[in-house]
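Notes follow once the structure below has been shown.
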Amino acid sequence: FNQHSSRLRIAMQKSGRLSQESQALLGSCGLKINLREQRLIAHVENMAIDILRVRDDDIPGLVMDGVCDLGIVGENVLEEESLQRQLDNEPCDYAVLSRLNFGGCRLSIAVQQESAYDGPASLNGKTIATTYPRLLNRYLKQQGVQARIVTLKGSVEVAPRAGLADAICDLVSTGATLEANGLKEVEVIYRSKAVLIQRKDLADAAQLKLINTLMPRINAVMQANESKYIMLHAPKARLDDIIALLPGAENPTLLPLAGNDDQMAVHVVSSETLFWETMEQLKSLGASSILVLPIEKMME
Ligand code: ATP
Ligand code: MG
């Protein structure tokens with residue numbers, strides 16, 4: 001692994017909750033990634049880019065130390081590493097290039113379902129297990145709460161039942177894991193998504209140019225993921241009411257329907273998907289043949 005190679009190095013999670021979507025995002029941006037399952041480094045065939053596949057915990061440090069140029073990682077892991085490095089007086093510079101539209105979760109405090117909870121002060125004198133001691137410590141300080149923090153790398157959710165802690169501070173998305181372990185969520189202390197970060201002192205002209213090519217593509221892919229192409233038939237008399245129901249549809253395309261003078265086809269790129277409720281309202285206004293299609297790419 002050549003430190004002075006001019007190939008752009010992107011760190012992403014090898015296997016876990018972020019790996020598939022990180023890979024899919026880069027794939028949608030045109031990178032042909034030659035992934036051989038167990039390899040640490042994957043070469044991109046059609047661009048001067050190498051992909052480093054590592055544990056997500058290692059990604060912030062690799063970028064902050066300048067070993068990798070870009071990284072895709074959860075904000076929770078990034079912020080925890082930053083706080084730790086500030087405390088240790090280690091380098092912790094980076095730039096966030098983009099907040100991505102996956103990996104969403106929240107870092108929450110949870111207590112046993114049967115325990116009484118009446119605000120953060122209830123945590124005074126308690127023991128809280130977490131994988132994110134720095135983020136938790138910052139929150140407890142802000143709240144003026146004195147609690148003991150136990151750092152666990154895994155199985156945080158079983159700590160209360162095992163008698164290791166009174167409460168936990170862990171990542172939640174649906175809450176199903178908490179419920180399965182007899183816990184209830186009582187405070188959200190941090191909201192996270194995946195982000196694309198860049199090391200601060202990147203100066204290589206070819207690498208910067210490559211990043212300038214990638215960024216509009218990443219933004220285009222994210223925008224396309226969130227947008228839908230909507231087609232429907234609408235009675236001419238109700239056109240305005242129907243268009244008003246379509247999210248982000250300022251300039252719809254209106255097309256005549258062969259052999260039908262009372263109706264028109266309406267085509268529109270919508271900024272969000274249509275909920276069933278909206279579809280039903282459209283139908284009650286006389287719309288028919290309603291199609292909601294995914295968009296693969298878009299550029300404004
Ligand atoms: P690694 O082996 O790479 O260290 P890990 O077990 O630490 O993996 P994962 O569970 O794969 O990490 O989660 C990676 C990231 O996915 C989290 O840090 C967080 O940003 C995000 N994430 C999204 N939803 C959830 C969730 N429900 N629980 C945990 N993490 C989530
Ligand atoms: Mg990890």
Side-chain angles (χ1 to χ4, degrees), residues 9-26 33 35-42 50-65 67-68 70-85 92 94 96-111 128-139 149-160 165 167-198 218 222 225-226:
R9 281 165 297 207
I10 307 179
M12 61 170 229
Q13 191 185 24
K14 182 168 194 231
S15 68
R17 291 177 198 263
L18 300 179
S19 48
Q20 276 202 352
E21 278 165 300
S22 304
Q23 214 172 294
L25 175 66
L26 297 178
I33 307 171
L35 282 186
R36 288 205 207 90
E37 275 316 312
Q38 294 310 316
R39 291 276 175 95
L40 170 68
I41 303 174
D50 291 335
I51 308 289
L52 247 92
R53 300 160 73 221
V54 294
R55 299 266 325 247
D56 70 339
D57 317 64
D58 295 334
I59 295 171
L62 287 168
V63 173
M64 291 169 185
D65 291 331
V67 178
C68 288
L70 301 181
I72 298 175
V73 69
E75 288 170 313
N76 54 312
V77 172
L78 179 64
E79 189 73 3
E80 179 72 19
E81 179 75 15
S82 299
L83 292 171
Q84 186 62 52
R85 282 180 170 235
C92 64
Y94 62 89
V96 175
L97 295 186
S98 180
R99 196 162 194 244
L100 304 170
N101 55 358
F102 60 86
C105 58
R106 53 196 191 271
L107 185 63
S108 291
I109 296 178
V111 299
I128 310 174
T130 188
T131 311
Y132 300 92
R134 294 288 140 233
L135 284 167
L136 176 58
N137 185 54
R138 180 172 73 182
Y139 171 81
I149 299 176
V150 176
T151 304
L152 294 178
K153 289 285 176 196
S155 307
V156 173
E157 67 281 359
V158 304
I168 67 164
C169 173
D170 205 6
L171 295 175
V172 185
S173 48
T174 60
T177 308
L178 291 183
E179 210 184 309
N181 286 283
L183 300 168
K184 63 178 177 191
E185 186 176 2
V186 291
E187 303 288 345
V188 176
I189 75 163
Y190 191 82
R191 291 188 189 275
S192 178
K193 276 190 167 186
V195 282
L196 175 68
I197 55 170
Q198 183 194 312
I218 287 176
M222 285 200 295
N225 283 342
E226 282 160 15

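Just so you know, ligand 1 is whichever comes first in the structure, and atom 1 is the first atom listed for that ligand.
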**Asked** Atoms of ligand 1 less than 4.0 Å from Gly103 heavy atoms?
**Response** 21 (C), 23 (C)
**Asked** Would a 4.5 Å heavy-atom cut-off, applied to side chains only, mark Leu107 and Ser192 as touching?
**Response** no
**Request:** State the atoms of ligand 1, each with its element, that fall below the 4.0 Å cut-off from a heavy-atom position in Leu18.
**Result:** 15 (C), 16 (O)
**Message:** Keeping Arg106 on the side-chain end and Ser173 on the backbone end, is there a donor-acceptor pair under 3.5 Å?
**Reply:** yes
**Asked** Which atoms of ligand 1 have any heavy atom of Gly74 under 4.0 Å away?
**Response** 20 (O)
**Prompt:** Has ligand 1 got any nitrogen or oxygen that is less than 3.5 angstrom from a nitrogen or oxygen of Arg17?
**Reply:** yes
**Subset of ligand 1 atoms that lie under 4.0 Å from at least one heavy atom of Gly104** = 23 (C), 24 (N)
**Prompt:** Can you name the N, O or S atom of Asp56 that is closest to the Mg ion (ligand 2)?
**Reply:** OD1
**Message:** Could you tell me, atom by atom, which parts of ligand 1 come under 4.0 Å of a heavy atom of Val77?
**Reply:** 18 (O)
**Check: Pro60 main-chain N/O paired with Glu81 side-chain donor or acceptor under 3.5 Å** = no
**Message:** Yes or no, since that's all I need: does a protein heavy atom fall within a distance strictly under 4.0 Å of atom 6 (O) of ligand 1?
**Reply:** no
**Prompt:** What is the closest protein heavy atom to atom 2 (O) of ligand 1, and at what distance does it sit?
**Reply:** Arg55 NE, 2.9 Å
**Message:** Starting from atom 20 (O) of ligand 1, what is the nearest protein heavy atom, named by residue and atom, and what distance separates them?
**Reply:** Asn76 OD1, 2.7 Å
**Enumerated ligand 1 atoms positioned under 4.0 Å from heavy atoms of Asp56** = 1 (P), 3 (O), 4 (O), 5 (P), 7 (O), 8 (O), 12 (O), 14 (C), 15 (C), 18 (O)
**Request:** Flag the pair Ser82 / Met64 as yes when at least one side-chain heavy-atom distance between them is below 4.5 Å, and no otherwise.
**Result:** yes
**Validation row: Arg17, Cys105 side chains within 4.5 angstrom (heavy atoms)** = no
**Nearest-neighbour protein heavy atom for atom 24 (N) of ligand 1, which is reported as residue plus atom name and distance** = Cys105 CB, 3.4 Å
**Message:** Show the atoms of ligand 1 that are less than 4.0 angstrom away from any heavy atom in Gly16.
**Reply:** 11 (O)
**Message:** Side chains of Leu70 and Gln198, heavy atoms from C-beta outward: is any pair under 4.5 Å?
**Reply:** yes
**Item:** Residues, nucleotides or ligands: over 12 heavy atoms within 6.0 Å of Arg99 CZ
**Value:** yes
**Request:** Give a yes/no verdict on whether any heavy atom in Ser19 is under 4.0 Å from an atom of ligand 1.
**Result:** no
**Message:** I'd like to know if the side chain of Glu80 reaches the main chain of Leu135, judged simply by a donor and an acceptor atom lying under 3.5 Å from each other, with no hydrogens or angles considered.
**Reply:** yes
**Item:** ligand 1 versus Gln13: contacting region, heavy-atom distance under 4.0 Å
**Value:** side chain
**Asked** For the Mg ion (ligand 2), which N, O or S atom of Asp57 is at the shortest distance?
**Response** OD1
**Message:** Can you report which non-hydrogen protein atom sits closest to atom 27 (N) of ligand 1, along with the distance?
**Reply:** Ser173 OG, 2.6 Å
**Message:** Given 3.5 Å as the limit, does a donor-acceptor pair link the side chain of Thr131 with the main chain of Leu152, or not?
**Reply:** yes
**Exercise: do Thr177 and Glu157 side chains pair donor with acceptor under 3.5 Å** = no
**Prompt:** For Gln20, does the CD atom sit with more than 12 other heavy atoms under 6.0 Å from it, leaving out its own atoms?
**Reply:** no
